[in-house]
Amino acid sequence: MYEFNYQRPKSLADAAKALKSAGDGGKLVAGGQTLIPTLKQRLAQPSDLIDLGGLKDLAGIKVEGGKVTIGALTTHAEVAHSAAVQKAIPALAALAEGIGDPQVRNRGTIGGSVANADPAADYPAGVVGLGATVHTNERTIAADQFFTGLFTTALKPGEIVTAVSFPVPQKAGYAKFPNPASRYCVVAVMAAKTADGVRVAVTGAGPSVFRVKEMEAALGKNWAPAAVDGIKVAPANLNQDIHASAEYRAHLVGVMARRAIEAAG
Amino acid sequence: MPQVSMTVNGKAVSATVEGRTLLVQLLREQLGLTGTHVGCDTSQCGACVVHVDGKSVKSCTMLAVQANGAAVATIEGLATNGKLHPMQEAFRDNHGLQCGFCTPGMVMSALDLVKHNANPSETQVREWLEGNLCRCTGYHNIVKSIQAGAAAMRGAGR
């Protein structure tokens with residue numbers, strides 16, 4: 001790991017200030033389950049590492065007004081084991097329980113996961129599939145506008161994710177085909193029936209999370225696993241690597257969508 | 001350079017570290033607690049698992065400064081007065097190790113599981129061990145050890 005200047009701000013305002021003054025060399029760390037391995041491999045060389053770990057206000061789960069709001073520093077284990085999340089959005093608790101391994105879940109945070117926007121991460125499917133809103137220190141960003149591409153988001157330099165709020169759906173299910181070694185998603189699907197219609201979000205398959213509008217339309221008419229039968233996603237722009245071909249990923253989208261709807265009931 | 005203070009196995013310790021010093025480096029290289037192992041160094045193998053404020057974490061994937069003020073527990077803290085912890089005893093009784101390299105992480109991970117689930121099924125143990133790799137045993141005896149260790153802990157009221 002290259003050297004960096006470690007900072008641990010005591011308030012969100014101080015963190016934002018530190019991040020702005022560090023400029024391009026500033027990097028935020030929360031649980032560090034992606035960033036620390038990246039630093040160890042010298043794939044990143046921040047001048048300043050700004051640790052959000054001291055901002056205790058950013059951790060915690062609230063359920064009110066038909067929304068589950070999860071602070072950015074809340075760990076995956078906390079989301080998975082939260083009785084409130086399990087009751088309001090069991091699919092979200094299940095998603096969190098399937099991330100990485102127990103030790104990763106004890107450190108990794110929702111804010112870090114969404115800000116990192118890994119194409120194979122679980123949370124992007126949860127955020128987009130449930131039509132969540134990402135809160136930052138400057139504004140709120142709707143899920144559909146948040147993830148903009150491979151490891152890229154709508155976050156501006158100096159902007160810090162503070163929470164993600166999920167409207168409680170009528171029904172939701174999550175199904176994941178994990179890479180057997182890393183537990184990242186080869187393909188995973190969050191399908192939800194919400195007050196604003198059906199949403200089907202896919203992670204792992206493409207460079208960034210995406211919705212399958214054709215499945216959403218079919219499920220809007222008939223919320224049943226069979227409704228997505230025969231709806232194909234074109235492999236043209238999907239990911240291809242040693243783990244799975246684009247064609248296989250395209251196939252898995254249909255299988256995972258079906259399983260997600262089965263899980264939702 | 002940052003100063004850190006924490007308790008390790010109940011004892012207060014302070015050290016000067018670099019921002020980039022990993023928790024496992026502090027434990028092994030500065031505090032001499034070499035029971036915590038570095039296996040893969042890429043956050044996958046779990047040989048470095050310790051507890052921070054009661055939760056199992058990979059100490060190769062946490063900065064020492066991030067553990068400032070925390071209570072850290074390592075494999076060295078388990079035995080009391082020369083008597084092995086029931087989970088350690090169970091690994092010995094059930095031949096839960098061959099080379100032993102992964103064992104400290106396995107034991108620390110197992111103890112976190114037992115905290116949540118005093119009587120884990122074989123499937124639950126196997127799922128929990130997602131983040132701990134063993135290259136010798138094929139896991140069968142590790143799973144057996146953890147179930148036996150959990151049973152012994154229930155018996156001992158721990």
Quiz prompt | Close side-chain approach of B/L113 to B/V125, heavy-atom, < 4.5 Å | solution = yes

Exercise. Heavy atoms only, distances under 4.5 angstrom: which of B/Q66, B/M1, B/E18 has the most pairs with chain A? Name it, please.
Key: B/Q66

Quiz item: Using non-hydrogen atoms and a limit below 4.5 Å, what part of residues 95-112 of chain B faces chain A?
Solution: B/S109, B/D112

Exercise. For A/I50 and A/V29, run side-chain contact (heavy atoms from CB on, under 4.5 Å): C-alpha distance rounded to whole Å, both residues' side-chain angles, the deciding distance at 0.1 Å, then the answer.
Key: CA-CA 6 Å; A/I50 299 149; A/V29 65; over 6 Å; no

Exercise. Using a strict 4.0 Å threshold on nitrogen-to-oxygen distance, state whether B/K11 and B/E76 make a salt bridge.
Key: no

Practice problem: Using non-hydrogen atoms and a 4.5 Å limit, figure out which bit of B/N132 sits close to chain A: side chain, backbone, both or neither. | Solution: side chain

Self-check item: Check against side-chain hydrogen bond (donor to acceptor under 3.5 Å, both in side chains), B/Q3 and B/T16
Solution: CA-CA 5 Å; B/Q3 291 285 323; B/T16 303; 2.7 Å; yes

Quiz item: Can we say A/D48 and A/K27 salt-bridge, meaning some charged N sits less than 4.0 Å from an Asp/Glu carboxylate O?
Solution: no

Quiz prompt | Winner by heavy-atom pair count (cut-off under 4.5 Å) against chain B, out of A/D51, A/D101, A/V104 | solution = A/D101

Quiz item: Is chain A contacted by the side chain of B/V49, its backbone, both, or neither, given a heavy-atom distance below 4.5 Å?
Solution: side chain

Practice problem: Establish, for the pair B/R20 and A/Y2, whether the NZ or CZ atom is under 6.0 angstrom from the six-membered ring centre and no further than 45 degrees off its axis. | Solution: no

Quiz item: Is any side-chain heavy atom of B/V52 closer than 4.5 Å to a side-chain heavy atom of B/S59?
Solution: no

Quiz item: Less than 4.0 Å between a side-chain N and a carboxylate O, is that true for A/R259 and A/E262?
Solution: no

Self-check item: Engaged part of B/L129 at the chain A interface, taking heavy atoms whose separation is under 4.5 Å
Solution: neither

Quiz item: Going by the angle between their ring planes, with limits at 30° and 60°, are A/H81 and B/H116 parallel, tilted or perpendicular?
Solution: tilted

Quiz item: With a 4.5 angstrom heavy-atom cut-off, which part of A/R183 approaches chain B: side chain, backbone, both or neither?
Solution: side chain

